[in-house]
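These notes are about the structure you will find just below.
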2 protein chains.
Amino acid sequence: MPAMSIMSPSGELEPILNKTMADIVEARLREYIRTKNYKPGDALPTEMELAEGLGVSRNVVREALSRLRMLGIIETRKKRGMVITQPDILGSFEKVLDPIMIDEATMRDIFELRLVLEMGLPDLLFPRLTEAHVTELEKIAREEQATDNFRIQNEIAFHGKLYEITGNNTLKRFQSLLLPIFAYVITLEEKPTRGKISHSGLVELLKTGNKEAFRQGMLEHLRPHFDRLEHPTPGE
Amino acid sequence: MPAMSIMSPSGELEPILNKTMADIVEARLREYIRTKNYKPGDALPTEMELAEGLGVSRNVVREALSRLRMLGIIETRKKRGMVITQPDILGSFEKVLDPIMIDEATMRDIFELRLVLEMGLPDLLFPRLTEAHVTELEKIAREEQATDNFRIQNEIAFHGKLYEITGNNTLKRFQSLLLPIFAYVITLEEKPTRGKISHSGLVELLKTGNKEAFRQGMLEHLRPHFDRLEHPTPGE
DNA sequence: ACCTTCGTTATGTACTACATAACAACAAAA
DNA sequence: TTTTGTTGTTATGTAGTACATAACGAAGGT
């Protein structure tokens, strides 16, 4: 008899799909929650009911539920059963952001993301800037000159404060999650890479109230990083 | 006898820590992987060895491993055991990004994040822009005028192309993941909110090669959105 | 009304059992 | 000798049972 075809109709090798029951149940449960329009606080069926309904063992259901629980989609209390919760969208992000397991290409992508964020920041920053904020930034900038050797720590403090001023908590948390990546990429570089504009210079521009001038200052401040990525990443 | 204190020393309500064994094992495993400096491809001990080493049942270990597997931190094959893999950092993000379970404040944060990204985009865009890119953008902009009713779809196509041009795959994927949020926030608004600068106008500015002019054009294009958030989110 | 007690219930954990896929090692055939 | 087929072993995948534990609710006593 003829050999069974292992090729897809297109001639490509089909990727072996090793879907386990837990994977399927996880997807089914997520779809179930979405289509039933569950809202935070609503109660889910019991594990046994789900297991029977899906025709799998309670073990499998628990593995799937364990995942949803980790993502913060559900919460479980003994006896009370399970209820839908509002997931912390950055909580799961945090879990996979260990620099040791991210390939270098992705890390460079993330570093570029940082540059984009900081160049776009002024448009959120200026409408929400107060005198108090400026004072805080000045303080941080002054400390920069004092403790010259701990530049990275100061860098983090200053730029972190900028995100904080936007009042956008998600943005601020996002930035602090990405910090390890930023720091790691910086260590990959050879020279100290100090821009022409210092933090003090940025604060001065901030005080003038000229948004575009500040943005140009930020560009100069980040110039060493920008210079390093002018090419469209040709080789891989 | 005096009532047991349910307050922490600081006077704040202590969060009840309902850590389950699976939570602990998950943390331990992640720490184990990090401290042992596991690299992608390295093999982990078997489930039984982990269970015995941690002093818990295989069931608990499996729940924890199931989570890591979902995050893409490990992969398991029968008999071969488990190996470390490079997680897709946005894969887990995708799972919790269902608009139905995100509170409105976070969605506004994300929408602001979008505005920041688009305003910072030019600094990645211009160094990597080619003639072909401009042609593609022109085509999309032309279709805008043809199918005037499907503005949202066209909006997605045009701005998505801008991200694509940066060559930053992580950034592009990130944006497409956030699209449902953008779309949802837009539906919350009353008026059609059309900026003064159209997509065609943006392409024209792009062709001039003047980065700052393009950025100002983008600001005008997004003006209706910016106008809506000038206040530092006072209430709540 | 308040407190206590106790039964019920659903999750949390442990253990056993077996199916299944994948590898390894050896045996048979060309 | 290289290739192919067989078989046994091993670790994961799934099912099922059992029991602990916490939380709720109802009943009963003060």
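So that the names make sense, note that chain A is the first sequence line, chain B the second, and so on, each numbered from 1. All of these numbers come straight from a predicted model, not from anything done at the bench. Just so you know, these numbers use all the heavy atoms, side chains as well, and skip hydrogens, waters and symmetry mates.
Ion pairing between a basic and an acidic side chain is recognised when a charged N comes within 4.0 Å of a carboxylate O; Glu136(A) and Lys139(A) show no such pairing. Checked for salt-bridge contact, Arg67(B) and Asp23(B) meet the test: a charged N lies under 4.0 Å from a carboxylate O. Salt bridge status for Arg114(B) with Glu118(B): present, with a side-chain N to carboxylate O gap under 4.0 Å.
Thr46(B) has no side-chain polar atom (N or O) that falls below the 4.0 Å cut-off from OP1 or OP2 of dT10(D). Proximity of Arg62(B) to the phosphate of dT12(D): no side-chain N or O atom is located under 4.0 Å from OP1 or OP2. Put simply, Thr20(B) has a side-chain N or O that comes within less than 4.0 Å of OP1 or OP2 on dT13(C). The phosphate of dA11(D) (OP1 or OP2) has no side-chain N or O of Thr76(B) nearer than 4.0 angstrom.
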Scoring nucleotides 20-27 of chain D by protein non-hydrogen atoms under 4.0 Å (B base, S sugar-phosphate only, - none) yields -BSBS---
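Annotation: Tyr184(B), atom OH; neighbour count of heavy atoms from other residues, nucleotides and ligands within 6.0 Å does not exceed 12. The 12-atom threshold is not exceeded at CZ of Arg80(B), counting heavy atoms of other residues, nucleotides or ligands nearer than 6.0 Å.
The two residues Leu71(A) and Ser92(A) come nearest to each other via the heavy atoms CD2-CB, 3.6 Å. The two residues Val61(B) and Leu50(B) come nearest to each other via the heavy atoms CG1-CB, 4.0 Å. The shortest heavy-atom contact between Met82(A) and Leu65(A) is SD-CD1, 3.5 Å.
Between Tyr163(B) and Phe174(B), every side-chain heavy-atom pair lies at or beyond the 4.5 Å cut-off.
Put simply, CG on Leu68(A) is 13 Å from P on dT11(C), counting in whole angstrom units. Rounded to whole Å, atom P of dT14(D) lies 13 Å from atom CG of Leu54(A). Between Met48(A) atom CE and dG12(C) atom P there is a gap of 15 Å when expressed in whole angstrom units. Per the geometry, CG belonging to Leu65(A) stands 12 Å off C1' belonging to dA10(C), to the nearest Å. Separating the CG atom of Leu50(B) from the C1' atom of dT12(D) is a distance of 13 Å, rounded to the nearest angstrom. In this structure, Ile74(B) places its CD1 atom 16 Å from P of dA11(D), rounding to the nearest Å. The separation between Glu52(A) atom CD and dA10(C) atom P is 11 Å, rounded to whole Å. If you measure from atom NZ of Lys19(A) to atom C1' of dT14(D), you get 18 Å, rounded to the nearest angstrom.
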Between the protein and nucleotides 14-16 of chain C, list every N/O to N/O distance that falls short of 3.5 Å.
residue: dA14(C); atom: OP2; partner: Ser57(B); partner atom: N; Å: 2.7
residue: dA14(C); atom: OP2; partner: Ser57(B); partner atom: OG; Å: 3.2
residue: dA14(C); atom: N7; partner: Asn59(B); partner atom: ND2; Å: 3.4
residue: dC15(C); atom: N4; partner: Asn59(B); partner atom: ND2; Å: 2.9

